[in-house]
Amino acid sequence: MTIRSAPEIWEAALGQLQIEVSKANFHTWLSKTRGLSFQDGKFTVGVPNTFIAEYLGKNQLSLIEKALTDVAREPVKIEFCVASDSETSVARRTKLPLFNPRYTFDTFVVGNSNNLAYAAAAKVVENPGLAFNPLFLHGGAGLGKTHLLHAIGNKALANHLAVLYVTAEQYTNELVTSIREKTTDEFRKKFRSVDILLVDDVQFFAGKEQTEENFFYTFNELHSNNRQIVLASDQAPKAIPMLRERLRSRLEWGLVADLQSPDFETRLGILQHKAKRDGVDIGPDVLEFIALQIKENIRALEGSLNRVVAYSKLLRTMVTPEIAARALEDIAGKEPQLAPITPNLITETVAGTFQLTLSDLRGKRRDEATVFARQLCMYLLRQETDCSLSEIGKVLGDRSPSTVSYAYEKMSGAINNDPLLKRQVFNIQQRIHATRSHN
Ligand code: ADP
Ligand code: MG
């Protein structure tokens, strides 16, 4: 679910209503309305006067409800509220943060795979700016990063702290808009006046120089004023290609905590929790079955539970492991199984990168570029496969194990001392992994 502010949701709903009612009707009744807030399923629409509130309430409530429900993708109850123009335009400008009420610390199931991230997030909201600053959460998709950011947001609001959540993409878009509309002062104020800034999906900043630079200043200002910054990303800071060193080292100042794929107990715990929350009657054997099938991703775990429940409703039968197996037939056990990384894949990728042929790598060429590529190949074969030194030697044209070992040590040292080389090697590794997953 993407979280948007009430004004944005309302704008989208208005777009739909504009199509559904006459032009005159829209102009008279709807054009001067604003989305004010959206919390716990209640959407407050700001209208200019009581007359309009009454008219809309009597004549267009269901139409509006339907449009809003479509946009928000959840049932919405509407309340009209007379708001003077100035109030409504303020509400429009300062986009109020909105946190998913379901994403709280209480609803987060803790296990070995995520306890560090959970504890750090909980600590940060109790001692903003003092515990770890910044807190950097990273882990694969669907492992709970956004959930924890929202949990911090919800708790911070309850503690009356000023807190703001943006994705790196929203930050980028707002920055671009503020430059275009010459409102960079407001932009700066908005982001630098909070107690806690939550930035999701920061890998999006990679390679966007102007945004990165701007974020760097926002970061420094908040940090030096002891305001809390929490960041989430699908990769560790040092693994984000193209993130400039300056920002990267800032990101590593505080605590870096990762979320890993949940173990069986945690997966089962999450399923039990969701089943209870949704009031579904489902036996422990079925939950275990699902937890055994779906391993990588908590979002997929939730989806599978929903699917099993929907399936049994459709068939009007009790949920049994057999029913679950049928419901999950086409997904269970079919999470992408990555092909193994083969020596061939590595040599081909390296050869391609350096525009050499495989026989160059295996042969006797001793020019600097070829030797370097060959040694890098040895290093990557050692890093990425289970091949022994002598097997690696064979792959690269019958070279001795001691030659391989020497190359490996030399390359490791060079990579550690040279950030640029480190990044290049990282990029090659990325390419190897990416090619593999398309197998
Ligand atoms: P990410 O941002 O890491 O991609 P999300 O935070 O969006 O992942 O999580 C995906 C879904 O899984 C959400 O519905 C979230 O509530 C749920 N989820 C993730 N981790 C947990 C957990 N430990 N306990 C309960 N639900 C979780
Ligand atoms: Mg997320």
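Whatever order the structure lists ligands and atoms in, that order sets their numbers, starting from 1.
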List the atom of Thr385, the atom of Ile341, and the distance in Å for their closest heavy-atom pair.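 Scanning both residues completely, I find the closest heavy atoms to be CG2-O, 3.7 Å.
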Any donor-acceptor pair under 3.5 Å linking the side-chain atoms of [Y] with those of [X]?
X: Asp263; Y: Thr266; answer: yes
X: Arg267; Y: Ser261; answer: no
X: Ser5; Y: Glu8; answer: yes

How about [atom1] on [X], more than 12 heavy atoms from neighbouring residues, nucleotides or ligands closer than 6.0 Å, or not?
X: Gln210; atom1: CD; answer: no
X: Asp281; atom1: CG; answer: no
X: Gln355; atom1: CD; answer: no

From CA spacing to verdict: ring pair (Phe, Tyr, Trp, His ring centres under 6.0 Å), Tyr171, Phe205: CA-CA 9 Å; Tyr171 187 94; Phe205 282 146; 5.8 Å; yes
Only one of Val125, Leu197, Val124 passes side chain to side chain contact (heavy atoms under 4.5 Å, CB included) with Gln228, and that residue is Val124
Under-2.8 Å protein N/O/S neighbours of the Mg ion (ligand 2), ordered by chain then residue number: Thr146 OG1
Who's touching ligand 1 if we go heavy atoms under 4.0 Å?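 These residues qualify: Tyr103, Thr107, Phe108, Val109, Asn114, Gly140, Ala141, Gly142, Leu143, Gly144, Lys145, Thr146, His147, Ile270, Lys274, Ile298, Arg299, Glu302.
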